[in-house]
Amino acid sequence: MKEENISQNLFKSHFISVFDNTLKITWVATILIITNFAIIVNKVNEFNKNINVNILIIIFLTLFVTIMFIYYFIMWKITSISYNKDKIIIYKSLVVRDLSEFLIKNISGLVIEQNILEKFFKVCRVKIYTDQLRKKKEDMQIIVKKDIADKLKLFILERFGVLGNDEKLKSNTYDMNIKLNNIMLHSFFNISIGNIVILLNVFWIIFTMIAKGTLMKEVLYDFIGFTVTILSITLPIIYSIISSILKFYKFKLKRIKDILLVRFGLFTTKNYIKKIEKINGINFTETLISRVFNYKLVKVICSGVATKKNELDFLIPMMSRKKIDQVLELLFPNHNLKITQKLKKQPILTIGIYLFIFSVIDFILIPVLMYLRLPVYIIIGYMMLSIFLLIVLYMFKKISIEDEYILVSTGFYIKKMSILLYDKIKYIKISDGAMSSNFNIYNVNLYILSGFNSVRTNLGYISRTNLSKIKRK
């Protein structure tokens, strides 16, 4: 590596990153101490009862913080970052020079975020993801001044084919602006089943009190206690809804050439830059509530999205099927993607395979149940359950094989749908047993990418004709 290549656009992360890294590791150490406090006290008392445990812990934490601060300060001092032509370079020099390079062509996404404190100090947190799937950690994270973050963003956009003077890039207009009421619906639809049960219990308690005529009595005589009780039960749900609204406030999205820009957030603002060619597939998920209103959540299989808890776990908030088709048209205008296609069930002969499997299980299990002298109604109930599960397995998978893609639906009531583009499928695994081969049906698994990070989608059983169609694509 030539020295002049490294020196171009050379910069350092902001000094705040030293405090940021120190606080992160200190927080972990503090949690470990709190959760193991009783054990620590017992061990210290066994050694010497005259030692004050609280003072000992304070001294330990002080030393720990000091050592970590010095370590991260040294790492900050010796580390520089440069971007040049087709790569980003992290340059470290203490005793031995160490270079880490990130090729721009392998970057799948860039995240620039600011919380309230970072806005005050006019710095940004920059995260870079490469095109490996299911990564739980970004490939690079730095805290830099806002002007440096903007320059880095423009540099990467230019390498992605979007020039800094592009009118759509400079414009504040977006292809999609998700309104506040849609964000509120998204937050409401994502209430977990456990929280739904809690809400139903609260409604049932209030309804019971109304039926017995004790509600007004409770409110009048113990208003504070009644209010505190209801709030303490529903507080986690309220917090979840409000935090989701604040997180995704003013959700905006636009496409510039082959780049997708996403912006959202009130107190913490986040800007995502995603290469559309790095999107390996699209998933549509439902929750118990959204299924009632026929709303779906749009997720993409792509590094940095839906792979990390505090990152964007979806592409578009909950919306109706009609609007989802508009999003697909925006993302892939040349593929004519739609989730309104008529899906086909697995071949009818699949029932024969499942029937054979359940018959073998029943042949072994029913004599055992009879030997245990269980009541007849339990054995009959088990047999009815077997028949029900057989029907569910047959209805569980539905697919539509189109010219540009495969649409797969999984589920019985709450469904997950996936769109798989043919050019993203790396290999196919075909399973055919003695029965399925005689029936000319095959159990097929499709893999996006290969190796450790591969993503598998099972199509269930499909006919030889459909399998041949997929192979030709």
Side-chain angles (χ1 to χ4, degrees), residues 193 281 283-286 288 291 301 339 341-403 405-422 424-452 454-473:
I193 295 177
N283 292 328
F284 308 92
T285 60
E286 298 174 326
L288 186 62
R291 179 70 179 89
I301 304 171
I339 62 169
Q341 303 288 353
K342 187 175 180 180
L343 297 166
K344 295 181 180 179
K345 302 183 186 71
Q346 299 178 82
I348 192 68
L349 292 173
T350 305
I351 295 178
I353 296 174
Y354 291 137
L355 183 61
F356 174 76
I357 294 170
F358 277 100
S359 297
V360 172
I361 295 172
D362 290 346
F363 181 77
I364 298 171
L365 194 58
I366 289 177
V368 175
L369 297 177
M370 294 176 67
Y371 176 78
L372 295 174
R373 295 184 180 181
L374 294 177
V376 177
Y377 67 86
I378 292 180
I379 298 175
I380 295 173
Y382 165 74
M383 294 175 67
M384 293 178 64
L385 178 63
S386 298
I387 295 171
F388 174 75
L389 289 175
L390 187 150
I391 297 171
V392 168
L393 285 172
Y394 172 67
M395 301 287 291
F396 198 73
K397 292 275 186 182
K398 295 180 181 179
I399 67 169
S400 177
I401 301 175
E402 305 297 324
D403 292 334
Y405 60 94
I406 301 173
L407 180 62
V408 185
S409 175
T410 307
F412 194 66
Y413 177 72
I414 301 175
K415 297 179 180 178
K416 173 186 174 182
M417 302 179 74
S418 301
I419 288 180
L420 306 174
L421 302 175
Y422 290 116
K424 299 296 182 180
I425 298 172
K426 296 304 178 184
Y427 67 97
I428 305 173
K429 183 179 179 181
I430 304 167
S431 302
D432 58 332
M435 289 188 65
S436 61
S437 59
N438 288 327
F439 293 156
N440 285 326
I441 57 177
Y442 306 90
N443 191 282
V444 178
N445 290 287
L446 302 181
Y447 290 82
I448 298 174
L449 294 186
S450 58
F452 179 75
S454 61
V455 176
R456 180 178 67 89
T457 300
N458 179 257
L459 302 185
Y461 285 95
I462 64 174
S463 65
R464 176 177 288 180
T465 303
N466 285 333
L467 178 59
S468 299
K469 187 176 179 180
I470 293 173
K471 284 183 175 180
R472 286 196 300 269
K473 296 295 182 179

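The figures here come from the full heavy-atom set of this structure, side chains too, leaving out hydrogens, waters and symmetry mates.
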Can you tell if the side chain of V408 reaches within under 4.5 Å of the side chain of T410, non-hydrogen atoms only? yes
I357 vs L390, test: side chain to side chain contact (heavy atoms under 4.5 Å, CB included). Steps then yes/no. CA-CA 9 Å; I357 294 170; L390 187 150; over 6 Å; no
Locate the shortest heavy-atom distance separating P347 from S463; write the atom from each residue and the value. CG-N, 3.9 Å
Any side-chain heavy-atom pair from F284 and I419 closer than 4.5 angstrom? yes
Could you check whether any side-chain heavy atom of F388 comes within less than 4.5 Å of a side-chain heavy atom of L393, counting everything from C-beta outward? no
Surrounding NZ of K345 (heavy atoms of other residues, nucleotides or ligands, distance under 6.0 Å), is the total greater than 12? no
Any chance you could measure M383, atom CE, to L365, atom CG, to the nearest 0.5 Å? 11.5 Å
Show the nearest heavy-atom pair for residues K398 and L343, with the distance to one decimal. CB-CB, 3.8 Å
Does any part of the side chain of Y422, heavy atoms only, come nearer than 4.5 Å to the side chain of I401, both counted from C-beta? yes
Which atom pair, heavy atoms only, marks the closest approach of P367 to D362? CD-O, 3.7 Å
With a 4.0 Å cut-off, would you call E286 and K415 a salt bridge? no
Taking the side chain as every heavy atom from C-beta outward, state whether L446 and V444 have any atom pair closer than 4.5 Å. yes
Taking the side chain from Y394 and the backbone from Q346, do they hold a donor-acceptor pair closer than 3.5 Å? yes
Is it the case that more than 12 heavy atoms not belonging to Y382 sit under 6.0 Å from its OH atom? yes
Could you report the tightest heavy-atom contact between N458 and K397, atom names first, then the distance? O-NZ, 2.7 Å
Taken to the nearest 0.5 Å, the spacing of I462 CD1 from N440 CG works out to 12.0 Å
Closest heavy-atom contact between I379 and L374? CD1-O, 4.2 Å
How long is the span from the CG atom in L407 to the CE atom in M417, to the nearest 0.5 Å? 4.0 Å
Full working for side chain to side chain contact (heavy atoms under 4.5 Å, CB included) between I348 and I351: CA-CA 6 Å; I348 192 68; I351 295 178; 3.6 Å; yes
Verify, without hydrogens or angle tests, whether K424 (side chain) and Y447 (backbone) share a donor-acceptor contact under 3.5 angstrom. no
Measuring from atom OG1 of T350 to atom CG of L355, what distance do you get when rounded to the nearest 0.5 angstrom? 12.0 Å
To the closest 0.5 Å, what do you measure between CD1 (I364) and OG (S359)? 11.0 Å
For a 4.5 angstrom cut-off between non-hydrogen side-chain atoms, does I353 reach I441? yes
Over all heavy atoms of both residues, which pair between Y442 and I430 is shortest? Give the atoms and the distance, please. CB-CG2, 3.8 Å
Quick check for you: to the nearest 0.5 Å, what is the distance between I399 atom CD1 and L420 atom CG? 10.5 Å
Quick check: do N445 and T457 have side-chain heavy atoms less than 4.5 Å from each other? no
Does a side-chain heavy-atom distance below 4.5 Å link Y461 with Y354? yes
